[in-house]
Amino acid sequence: MTRFVPVIFMFLLFCSCDNVFSGGSLVSRKKPVEPPPVSYRISHSIEYTIQLSGRADINEEINYVYDAENRLVEKQSVWDEGYYYRTFYYYDSSGLLERCSTVYEVEPDASHAYYFYDGLNRLVRCEFYDYAMQPSGYLIYTYTDSSMIRDYYSSTGSFASSLRYYYGEKNKIIRYELHYPAGLDSYHLYVYRLDGKLGSIQYYHPDQDMDFSDEFIYDESFNNVRVNRLNSDSSLQSYYYYEYDEHGNLTAEYSCDPDGTYHWYRLKDYEAYTPK
């Protein structure tokens, strides 16, 4: 069994015509939600058991389905009562993700996202639509040699928020900023160890000392086995620790108080499955 790292795509947003250009091709926003046609599927399953302190277990199974080119084509979230949602991914002839549609089966509903790229195949715009194909907003991406900015606009076109990512050597993120119309709301600083692994993330608000930080600890296989959340005075606020199988797959996550009392934990089991 090889190490399995599921690819999670961001779901994004808006346009007013019945047809839009996405991924370099013309697609209809009135297409029915149906699985992409694939002749061969590679599948993985992850089972989660989530235990909240003092509450009953929550059981969820997430299935990832891939086509013969190892592209994610379907994600299924299965709860005790059956499918909770299914997301389908569609690609253009060049292999770029052009749209995805999520269907919620407990409460019949759906949401849709369309993706747009520039000549360098960089994502530059994402549009969101609700179940009735009404626009719910959009994202605009802009790039420089050392940054990427993601601006969110509401369905009326008004600016709502901005996420800004700044990169240093080897294209590693070194700073993140959250902006609202009133200005900078918060920012994070990323600090790396000499071996290149992420050592800590420091969290700030403007004109204030550091709020808190996360310290990352690794085992001999370079798996992240613990994250200490530290107060501004370096005292321990809480911590997370993680367990892995022999293939490096994450099998358990725990969130704990400094004395070891857990808030919640989540167990994962990886297995192959045959989609229906």
Side-chain angles (χ1 to χ4, degrees), residues 3-12 46 48-55 58 139 141-152 160-245 248-268:
R3 181 169 183 145
F4 167 56
V5 181
V7 178
I8 305 298
F9 292 97
M10 300 170 64
F11 293 165
L12 316 155
I46 304 175
Y48 294 85
T49 299
I50 303 173
Q51 170 66 57
L52 302 177
S53 181
R55 301 183 184 180
I58 301 171
L139 293 171
Y141 291 80
T142 55
Y143 303 87
T144 69
D145 290 340
S146 60
S147 69
M148 187 275 284
I149 298 174
R150 192 198 76 173
D151 292 331
Y152 171 65
S161 64
S162 177
L163 302 182
R164 304 180 183 183
Y165 304 87
Y166 299 90
Y167 301 89
E169 294 182 0
K170 298 182 180 179
N171 206 34
K172 291 183 177 180
I173 185 170
I174 57 174
R175 183 182 175 99
Y176 156 91
E177 296 179 359
L178 171 62
H179 292 253
Y180 289 116
L184 176 64
D185 177 79
S186 60
Y187 63 95
H188 308 163
L189 300 180
Y190 296 76
V191 180
Y192 294 88
R193 309 188 320 179
L194 293 178
D195 63 3
K197 302 289 287 185
L198 180 63
S200 66
I201 303 176
Q202 302 169 356
Y203 301 85
Y204 293 86
H205 281 88
D207 303 321
Q208 295 181 10
D209 293 333
M210 182 177 65
D211 293 339
F212 58 91
S213 65
D214 287 337
E215 176 187 50
F216 295 80
I217 300 172
Y218 303 86
D219 63 14
E220 62 277 4
S221 299
F222 297 103
N223 294 312
N224 178 208
V225 293
R226 179 167 170 143
V227 176
N228 292 325
R229 176 148 291 182
L230 305 176
N231 295 308
S232 58
D233 63 359
S234 297
S235 61
L236 183 63
Q237 180 185 127
S238 61
Y239 66 91
Y240 304 86
Y241 71 94
Y242 309 93
E243 297 175 354
Y244 301 83
D245 64 18
N249 292 312
L250 180 66
T251 57
E253 305 171 71
Y254 299 86
S255 171
C256 301
D257 284 331
D259 64 2
T261 303
Y262 72 86
H263 301 138
W264 56 262
Y265 65 82
R266 180 164 59 182
L267 307 179
K268 302 181 181 182

Handout entry: Axial cation check for Tyr167 ring with Arg175, 6.0 Å and 45° limits
Key = no

Exercise for the section: Taking the six-membered ring of Tyr192 (Phe, Tyr or Trp), confirm whether the NZ or CZ of Lys172 is under 6.0 Å from its centre and within 45° of its axis. Expected result: yes

Main-chain N/O of [Y] paired to [X] side chain as donor or acceptor, under 3.5 Å:
{"X": "Asp219", "Y": "Phe222", "answer": "yes"}
{"X": "Ser161", "Y": "His179", "answer": "no"}
{"X": "Tyr218", "Y": "Lys197", "answer": "no"}

Practice task
Give me the one residue out of Tyr203, Tyr190, Tyr187 that meets side-chain contact (heavy atoms from CB on, under 4.5 Å) with Tyr176.
Solution key: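 Single pass found, and it is Tyr190.
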
Practice task
Would you sort out whether Ser162 and Asp151 count as a side-chain hydrogen bond (donor to acceptor under 3.5 Å, both in side chains), showing the intermediate values?
Solution key: CA-CA 4 Å; Ser162 177; Asp151 292 331; 2.6 Å; yes

Handout entry: Non-neighbouring partners of Ser232 that pass side chain to side chain contact (heavy atoms under 4.5 Å, CB included), sequence neighbours left out
Key = none

Practice task
With rounding to the nearest 0.5 Å, note down the distance linking CG in Asp214 to OG in Ser238.
Solution key: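 One finds 8.0 Å between CG of Asp214 and OG of Ser238.
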
Exercise for the section: Please round to the nearest 0.5 Å and tell me the distance separating atom CD of Glu243 and atom CG of Asp245. Expected result: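 Between Glu243 CD and Asp245 CG, I get 11.0 Å after rounding to 0.5 Å.
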
Which side-chain N or O atoms in residues 205-213 pair as donor and acceptor under 3.5 Å with protein atoms at least two apart or in another chain?
unit_1, atom_1, unit_2, atom_2, d
His205, ND1, Asp211, OD2, 2.5

Does a side-chain heavy-atom distance below 4.5 Å link [X] with [Y]?
{"X": "Arg226", "Y": "Tyr239", "result": "yes"}
{"X": "Asn224", "Y": "Tyr242", "result": "yes"}
{"X": "Leu178", "Y": "Leu163", "result": "yes"}
{"X": "Arg229", "Y": "Leu236", "result": "no"}

